[in-house]
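The analysis underlying the following values was restricted to heavy atoms, covering all of them including side chains, and did not include hydrogens, waters or symmetry mates.
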Amino acid sequence: MIRNAIGALMGLLGATAAVWSPFRDWYDGRHGRDYRVSDLFTGSGINTDSKSALMGSILLPFLFAALLTLVAIVLRSRTLMGLAGVVVIGFTVLWMVRQGQAAGGLSVGGDGTGLGEGVATAFVGGAVLILAAAVMRGRPRMRRRDARAPAHPEPPPVTPANEPWPPPEDRT
């Protein structure tokens, strides 16, 4: 129970970091909420000149991961918690690949150019979600019966060999 509580707390922290990350700088001072999710799946890469609506931005998969986290906490599911972490890290890596295509490479700079705090926050949030899945104990497993064994075995038939002793008296 303690492991599930610690895992749930870690999952909430990881989901919070993931949802918060698009509101931070991602690349060259541009926030993550400015990148369209659809740009991640086009062959041309990220369009650096356009802006996105909030619910069409990279925030959308992170909100989905947060929803998966809440369902995982309610159901005590390690699988869903881990899947939420994979979604966050997967979309962050996909964004990095597309951004690298558009910019001709990725850089990290301390002066506000290159990769920003939002990318790091997304990675940390995804990693914390995966760690939360590892910490959680999950639900107890249900013991399964053998499918061939009947649910209620029938008592053996009464024969002279297994008749109760002493024999019942005749009541005639």
Side-chain angles (χ1 to χ4, degrees), residues 1-140:
M1 180 155 152
I2 296 294
R3 287 178 59 184
N4 282 336
I6 292 171
L9 182 63
M10 287 175 66
L12 288 174
L13 290 174
T16 302
V19 170
W20 183 45
S21 70
F23 297 99
R24 312 277 300 169
D25 289 341
W26 274 53
Y27 198 77
D28 285 338
R30 190 172 173 196
H31 290 177
R33 66 178 185 258
D34 295 335
Y35 296 101
R36 284 189 233 149
V37 174
S38 61
D39 286 347
L40 299 178
F41 299 104
T42 61
S44 62
I46 294 175
N47 185 356
T48 56
D49 297 332
S50 67
K51 290 208 173 217
S52 172
L54 186 61
M55 291 312 287
S57 70
I58 201 161
L59 175 67
L60 188 63
F62 294 162
L63 285 175
F64 175 72
L67 180 66
L68 273 178
T69 301
L70 292 176
V71 171
I73 290 170
V74 170
L75 297 179
R76 292 185 291 177
S77 173
R78 298 174 66 182
T79 305
L80 289 178
M81 186 73 74
L83 181 64
V86 168
V87 165
V88 171
I89 290 177
F91 271 93
T92 307
V93 168
L94 181 61
W95 173 85
M96 289 178 72
V97 168
R98 295 301 187 182
Q99 180 63 38
Q101 287 175 341
L106 293 177
S107 64
V108 178
D111 58 350
T113 61
L115 293 174
E117 298 170 354
V119 177
T121 305
F123 270 120
V124 168
V128 169
L129 284 168
I130 291 174
L131 283 173
V135 167
M136 286 178 71
R137 187 173 189 172
R139 290 191 295 191

Atom pair [atom1] ([X]) and [atom2] ([Y]), whose distance is rounded to the nearest 0.5 Å:
{"X": "Leu63", "Y": "Thr69", "atom1": "CG", "atom2": "OG1", "result": "11.0 Å"}
{"X": "Ile73", "Y": "Met10", "atom1": "CD1", "atom2": "CE", "result": "11.5 Å"}
{"X": "Leu68", "Y": "Leu75", "atom1": "CG", "atom2": "CG", "result": "10.5 Å"}

How close do Phe62 and Ala18 get, heavy atom to heavy atom, and via which atoms? CD1-O, 3.2 Å
List the atom of Gly32, the atom of Ser57, and the distance in Å for their closest heavy-atom pair.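 Closest approach of Gly32 to Ser57: O-CB, 4.3 Å.
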Below 3.5 Å, can you tabulate the donor-acceptor pairs from side chains in residues 78-94 to any protein atom, sequence neighbours excluded?
residue: Arg78; atom: NE; partner: Ala133; partner atom: O; Å: 2.9
residue: Arg78; atom: NE; partner: Met136; partner atom: O; Å: 3.2
residue: Thr92; atom: OG1; partner: Val88; partner atom: O; Å: 2.7

Is there a donor-acceptor pair closer than 3.5 Å between any side-chain N or O of Arg33 and the backbone N or O of Pro22? no
The criterion is side-chain contact (heavy atoms from CB on, under 4.5 Å); which residues satisfy it with [X], sequence neighbours excluded?
{"X": "Leu70", "result": "Leu12"}
{"X": "Thr121", "result": "Ala17, Trp20, Ser21"}
{"X": "Arg137", "result": "Arg3, Asn4"}
{"X": "Leu106", "result": "Tyr27, Met96, Gln99, Leu115"}

Step by step, would you call Arg30 with Asp25 a side chain to side chain contact (heavy atoms under 4.5 Å, CB included)? CA-CA 5 Å; Arg30 190 172 173 196; Asp25 289 341; over 6 Å; no
If you define the side chain from C-beta out and look only at heavy atoms, does anything of Val71 sit under 4.5 Å from Ser77?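 No, too far: nothing below the 4.5 Å cut-off.
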Got a sec, which residues hit ring-ring contact (aromatic ring centres under 6.0 Å, His included) with Trp95, two or more places apart in sequence or on another chain? Trp26, Tyr35
Hey, is CZ on Phe64 packed in by over 12 heavy atoms from elsewhere, all under 6.0 Å? no
